[in-house]
Asks: 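Please read through the structure below; I'll follow up with questions.
Along the sequence shown, residues are numbered consecutively beginning with 1. Read the numbers this way: they start at 1 and go in the same order the structure lists the ligands and their atoms.
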Amino acid sequence: MPSLRNSDLARRDLQVVWHPCTQMRDHETLPMIPIRNGQGVWLEDYEGKRYLDAISSWWVNLFGHANPRINARIREQLEQLEHVIFAGFTHQPAIEVAERLRVLTPSGLSRCFFADNGSAAVEVAVKMSFHYWRNMGQPQKQRFITLGNSYHGETLGALAVGNVELYKSIYQPLLMDVITVPSPDCYGREAGETWEAYSRHRFTLMEEALERHAGEVAAVIVEPLVQCAGNMRMYHPVYLELLREACDRHQVLLIADEIAVGFGRTGTMFACEQAGIRPDLMCLSKGLTGGYLPLSAVLTTEPIYQAFYDEYTRLNAFLHSHSYTGNPLACAAALATLEIFATEPVIERNRTLARTLSELIAPLADHPRVGEVRQHGMIAAVEMARDKRSREPFDWRERRGLTVYRHALERGVLLRPVGNVVYFMPPYVVDEDQLRLMVEVAREGIDKATCD
Ligand code: PMP
């Protein structure tokens, strides 16, 4: 068979495929990159060019592409059972994933409901919390409080509880009405104000919303510590501490969407740990399978589970399902991933890597067109700004991030800025030289994108 060329595959792709989150017309000038294989932090195209995956393939990959331990576990599972209906039937990999997650997540999250992607997990959490109050005889608690600049996925329920205009506004007529509280994101703080002081101060807006609406609210949903799709904006754990206390006081459930920040991303296994809190529902996906296969889980408490446990005819059951719920291959990948966490000092290693990354990016704070450099563990972001002092942003239509993206690709690094924010979210198997390359290429890209 003649060897495949990038250009042939790209041409064929553009004739038949419609890609996610893409204005397809961009590909009249932007190359589509066919990837033949992956190894560790590297992706390789059909002509041998390599790209450092500095964004973990949309934040999913934790331990590298073609990880031998995960590969082996999936192969083993493949010989036994590829899939089985998950209603009325079960299997060891799913049971074991649920058992392990119960131990790993904050104490009290004892029940695991599986779904097959992040947005679906958010839909489950939204429906479950609404339905919980109905079963508890409080059907008036139907609404959701969400944060400005938040992101929870693309399906209609998840989109409704999110707040990134770019993805949401066009579909507004299709979406349920939510209560949106301004974000605690610390980019807006005054010079000299600490993250903690700012996040604490912003909480008064949440307290006000809860005071006004708690009687009609089922749950508050947040992305703990980092609003990833919302330009990697970050806030202090104190906000979560205050939120937990206020949700209890106002009898409102708390949903933590740890889909992007879970599994060691922010320096602890789950971001909620930094605030010492336990949400009522926790959504997990992405890194759960090490970035191999789609799987998600909603962890919740025994009292919530019990509110659905009843005579069938009372119609209190949670009748939500997806065909691939608890897929055994995906569960096998999750087990191998959780096994790596159990047997290797991943979190400690990440702390060292995060320190190195922090030192490498620090000089970018002095760049004349950088408004802020920020970091929570293995997520670091550099926000480009038209005016450094006032932080006036570049107009989104100028697509400065795209210039960085193009430059990085030429240099063999996959960076995919969100708006004016260049960020790094590498797999945990990245080494110091690779971190250095990533940051060096980002700096060149930022120079190029802001040189006018
Ligand atoms: N919640 C958060 C916080 C996310 O970052 C994402 C994905 N970027 C989702 C939900 C949606 O997950 P998925 O893309 O798997 O539907």
Side-chain angles (χ1 to χ4, degrees), residues 19-22 53 55-62 113-129 144 146-168 171 175 178 183-185 219-235 239-240 254-266 270-272 279 281-299 320 322-327 330 333-334 337 376-379 381 414 416-419 421 423-425:
H19 286 265
C21 202
T22 299
D53 188 356
I55 59 159
S56 299
S57 285
W58 256 344
W59 324 338
V60 297
N61 192 291
L62 303 187
F113 191 98
F114 287 107
D116 52 15
N117 64 75
S119 303
V122 170
E123 299 287 342
V124 166
V126 164
K127 285 174 68 180
M128 200 180 264
S129 43
F144 290 85
T146 178
L147 292 178
N149 191 46
S150 57
Y151 180 90
H152 297 289
E154 297 295 337
T155 52
L156 295 179
L159 200 57
V161 294
N163 188 248
V164 176
E165 281 301 299
L166 178 64
Y167 308 125
K168 180 171 181 175
Y171 303 105
L175 304 179
V178 296
S183 171
D185 139 35
V220 176
I221 180 166
V222 295
E223 294 160 274
L225 302 187
V226 189
Q227 298 187 310
C228 294
N231 292 349
M232 298 291 163
R233 293 288 177 80
M234 302 181 182
Y235 60 92
Y239 192 88
L240 298 171
L254 175 57
I255 304 171
D257 175 353
E258 293 238 9
I259 288 164
V261 294
F263 300 105
R265 264 297 157 199
T266 66
F270 299 104
C272 281
L281 302 104
M282 183 187 259
C283 302
L284 301 173
S285 187
K286 290 194 187 276
L288 174 58
T289 61
Y292 266 68
L293 286 161
L295 181 69
S296 60
V298 178
L299 281 295
H320 182 104
H322 297 285
S323 314
Y324 285 102
T325 297
N327 174 260
T337 303
H376 255 313
M378 289 292 276
I379 307 177
L414 167 51
R416 199 172 191 276
V418 280
V421 177
Y423 70 88
F424 309 101
M425 221 201 266

Asks: Does the side chain of Val222 come within less than 4.5 Å of Tyr235's, by heavy atoms?
Replies: yes
Asks: Answer yes or no: does atom CZ of Phe113 have more than 12 heavy-atom neighbours from other residues, nucleotides or ligands under 6.0 Å?
Replies: yes
Asks: Check each protein residue for a heavy atom under 4.0 Å from ligand 1 and list those that pass, ordered by chain and number.
Replies: Trp59, Asn117, Gly118, Ser119, Tyr151, His152, Gly153, Glu223, Asp257, Ile259, Ala260, Lys286
Asks: Sequence neighbours excluded, which residues qualify as salt bridge (charged side-chain N to carboxylate O under 4.0 Å, His left out) partners of Asp185?
Replies: Arg233
Asks: Going by distance alone, is a donor N or O of one side chain under 3.5 Å from an acceptor N or O of the other, for Asn61 and Ser57?
Replies: no
Asks: Can you list the steps and then say if Val124 with Leu281 is a side-chain contact (heavy atoms from CB on, under 4.5 Å)?
Replies: CA-CA 10 Å; Val124 166; Leu281 302 104; over 6 Å; no
Asks: State, with a plain yes or no, whether a side-chain heavy atom of Pro20 is found less than 4.5 Å away from one of Glu154.
Replies: no
